[in-house]
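Following: one structure in structure tokens, then a few remarks.
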Amino acid sequence: MSDVIVRVAARGDGVTGNGRHASLAAPGDTLTADGQVLPGPHHQVPPCRHFPTCGGCQLQHLDDESYAGFITDRIAGALAAQGLGADIRAPALSPARTRRRAALQAEAKGGRVRIGFSEGSSHALVDLQECWILTPGLFALIAPLRGLLARFLKANRRARLHLTQADQGIDLLIEGIEAEGLAAAEEITAFCQRHGVARLSIDNGLGPETRWEPEPVTITLSGVAVPLPHNSFLQATGEGEAALVAAVRAAVGQAGVTADLFSGLGTFALALPGRVYAAEAARDAILSLKGAGARAGRQLFADHRDLFRRPLTPAECDRFAAIVLDPPRAGAREQALQLAEAKTPSIAYVSCNPSSFARDAEILCKGGYTLDWIQPVGQFRWSTHVELAARFSR
């Protein structure tokens, strides 16, 4: 007996109407009695030679329609688990080859250096020969990096590479190597000059040490150049950032005074109208935002504050016409509990985890807020990672 795949589950398996699961199946595929997947109208040929071995992608077999459906279903399912519903808009999908930051691994084994993502549910490393998610600039650095790391990475050891596309070029942080002495310094300098590296830093366990940075590295957010601390959080794609910023601006409207909580480098704080209070626990990030805002003449007060331990109280929340939340994957339960008792007219909530978002949304709705709409964003293309921006109002 054959069954039709009707949806894709949270971990990427296709699911039939009667609950059978099949890996690498898309909605509309047929699952035969012996477990074979017969491709349907939404099953595309994966473009990358490394799929499905490489853990960087899980859903390259889905066309855009079914990938967007997967994102919407993830959010709707998380809300339903909390007894909630909402107007879920069409997802904003980032194009292929637009991921501007990535964490890769490198290993020296068998006399050669491999660089790439780990296989799914494995420590085995896939040596990337192509990549359909990284920007061309980031991918172009991988081959030269093999040569550089062959000089410094010890046999049978691994290093971790953090690559970010900054304003001046690529910011590269390498963890797990030692490169001491004049010869090493000269080799690093020559490599950076030859390949347009804006900054190269090495962390051998004591924190990042900058080895090359001819001019201060920045990232431009809403027209403001913000100093970029080592390994800073940044929205994964420029397109994803633009979609989230647009949703947040629509949610807060023309609020004269806004709070941006978990502000990071100021992705939203620098895009908001009027006066802005920005709170962030990461010291380097909030200092970067404070300096950048001052130089740009923005009406911005930056506060180094741990919102998990010290969330804004209801009285503090009531000072603002709108509040923006962009917490990490764990969500913002402590802050949501305080907001539920406040009278702030509108809240823009940005989330990278539908489950923790739905939990916090339930708290806010019990406190009297209405969940007006949700804008899904698929900036981790072909992965099971889902992001969103939502508006709550009183």
Side-chain angles (χ1 to χ4, degrees), residues 11-12 23-24 44-62 67 93-166 169-177 179 187-188 191-192 194-203 230-231 233-240 378-385:
R11 295 186 178 181
S23 60
L24 304 178
Q44 72 170 10
V45 177
C48 182
R49 77 178 79 174
H50 299 301
F51 184 83
T53 306
C54 176
C57 297
Q58 298 85 44
L59 302 173
Q60 278 196 17
H61 59 291
L62 302 185
Y67 174 47
L93 305 182
S94 294
R97 295 190 170 107
T98 57
R99 183 90 63 83
R100 63 182 178 181
R101 65 175 175 88
L104 304 176
Q105 295 189 67
E107 68 176 356
K109 195 171 184 179
R112 58 189 293 261
V113 173
R114 296 175 172 83
I115 297 177
F117 296 103
S118 293
E119 296 182 10
S121 304
S122 171
H123 293 294
L125 194 61
V126 175
D127 191 28
L128 291 181
Q129 303 304 312
E130 65 175 317
C131 185
W132 283 72
I133 57 172
L134 300 182
T135 64
L138 292 188
F139 180 73
L141 193 63
I142 291 178
L145 267 172
R146 291 188 182 97
L148 180 71
L149 293 175
R151 165 79 167 77
F152 300 115
L153 186 56
K154 295 179 180 179
N156 299 317
R157 297 288 294 275
R158 283 201 175 187
R160 191 165 177 83
L161 313 175
H162 301 273
L163 300 94
T164 302
Q165 187 71 53
I170 295 174
D171 178 27
L172 172 62
L173 170 63
I174 306 175
E175 298 176 351
I177 68 168
E187 191 164 348
I188 288 171
F191 173 86
C192 293
R194 190 161 54 244
H195 300 290
V197 175
R199 177 172 64 191
L200 190 150
S201 310
I202 295 175
D203 186 349
H230 294 290
N231 202 22
F233 174 80
L234 188 66
Q235 296 297 336
T237 70
E239 293 82 358
Q379 60 176 331
F380 288 88
R381 191 173 183 87
W382 296 316
S383 84
T384 55
H385 190 81

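FYI, the numbering just counts along the sequence from 1.
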| query | Got a donor-acceptor contact below 3.5 angstrom from the Gln58 side chain to the Gly12 backbone? | reply | no

| said: Within this structure, what is the OG-CD1 distance for the pair Ser201 and Ile174, rounded to the nearest 0.5 Å? | reply: 9.0 Å

| field | Step-by-step salt bridge (Lys or Arg N to Asp or Glu O under 4.0 Å) determination, Arg160 to Asp203 | value | CA-CA 10 Å; Arg160 191 165 177 83; Asp203 186 349; over 6 Å; no

| task | List the steps, then state whether side-chain contact (heavy atoms from CB on, under 4.5 Å) holds for Ile115 with Leu125. | result | CA-CA 7 Å; Ile115 297 177; Leu125 194 61; 5.9 Å; no

| said: I'd like to know whether Asp171 forms a salt bridge (Lys or Arg N to Asp or Glu O under 4.0 Å) with Arg101, so could you lay out the CA-CA distance, the side-chain angles of the two residues, the decisive distance to 0.1 Å, and finally the verdict. | reply: CA-CA 9 Å; Asp171 178 27; Arg101 65 175 175 88; over 6 Å; no

| field | Contact summary for Ser122 and Ala124, nearest pair of heavy atoms | value | OG-N, 2.9 Å

| field | Straight-line distance of Ile170 CD1 to His162 NE2, nearest 0.5 Å | value | 15.0 Å

| said: Is there a side-chain contact (heavy atoms from CB on, under 4.5 Å) between Ser118 and His123? Walk through the geometry before answering. | reply: CA-CA 6 Å; Ser118 293; His123 293 294; 5.6 Å; no

| note | Between Leu149 and Ala106, the two heavy atoms sitting closest are CD1-CB, 3.6 Å

| field | Derivation and outcome, side-chain contact (heavy atoms from CB on, under 4.5 Å), residues Leu138 and Thr164 | value | CA-CA 8 Å; Leu138 292 188; Thr164 302; over 6 Å; no

| query | Is there a donor-acceptor pair under 3.5 Å between the side chain of Gln44 and the backbone N or O of Gln60? | reply | yes

| message | Is the shortest side-chain heavy-atom distance between Arg146 and Asp127 below 4.5 Å? | response | yes

| query | When rounded to the nearest 0.5 angstrom, what distance separates CZ in Phe51 from CH2 in Trp382? | reply | 10.0 Å

| Side-chain donor or acceptor of Arg114 paired with backbone N/O of Glu107 under 3.5 Å | no

| message | Atom CZ of residue position Arg11 - does it have more than 12 heavy atoms of other residues, nucleotides or ligands inside 6.0 Å? | response | no

| How many angstroms lie between CG in Leu234 and CG in Asn231, if you round to the nearest 0.5 Å? | 11.0 Å

| remark: Partner of His50 under side chain to side chain contact (heavy atoms under 4.5 Å, CB included), picked from Cys48, Pro46, Pro52, is Cys48

| request: Over all heavy atoms of both residues, which pair between Gly240 and Ser94 is shortest? Give the atoms and the distance, please. | output: N-OG, 3.6 Å

| message | Tell me whether His230 contacts the main-chain N or O of Leu173 through its side chain, where contact means a donor paired with an acceptor under 3.5 Å. | response | no

| field | Crowding at CZ, Arg157 (>12 non-hydrogen neighbours, <6.0 Å) | value | no

| task | Please report the closest heavy-atom contact between Ala179 and Ile202, naming both atoms and the distance. | result | CB-CD1, 3.8 Å

| message | Restricting to non-hydrogen atoms, name the atom on Ser383 and the atom on Tyr67 that form the minimum distance, rounded to 0.1 Å. | response | O-CE1, 3.8 Å

| said: Quick check: do Leu161 and Gln105 have side-chain heavy atoms less than 4.5 Å from each other? | reply: no

| request: Go through the side-chain N and O atoms of Glu239 and Gln379 and say whether any donor and acceptor fall under 3.5 Å apart. | output: no

| Rounded distance [0.5 Å steps], CG in Leu200 versus CG in Leu172 | 4.5 Å

| field | Main-chain N/O of Pro95 paired with Thr98 side-chain donor or acceptor, under 3.5 Å | value | yes

| message | Is any side-chain heavy atom of Cys57 closer than 4.5 Å to one of Trp132? | response | no

| field | Atom pair CD1 (Ile133) and SG (Cys54), whose distance is rounded to the nearest 0.5 Å | value | 7.0 Å

| said: Using side-chain heavy atoms (C-beta onward) and a distance below 4.5 Å, is Phe191 in contact with Leu145? | reply: yes

| Phe380 vs His385 aromatic rings, parallel, tilted or perpendicular, using cut-offs 30° and 60°? | perpendicular

| said: Go through it in stages, so that I can follow the logic: the residues are Leu148 and Ile177, the test is side-chain contact (heavy atoms from CB on, under 4.5 Å), and I'd like the CA-CA distance, side-chain angles, deciding distance and then a yes or no. | reply: CA-CA 11 Å; Leu148 180 71; Ile177 68 168; over 6 Å; no

| Where the side chain of Arg381 meets the backbone of Arg97, is there a donor-acceptor pair that is under 3.5 Å apart? | no

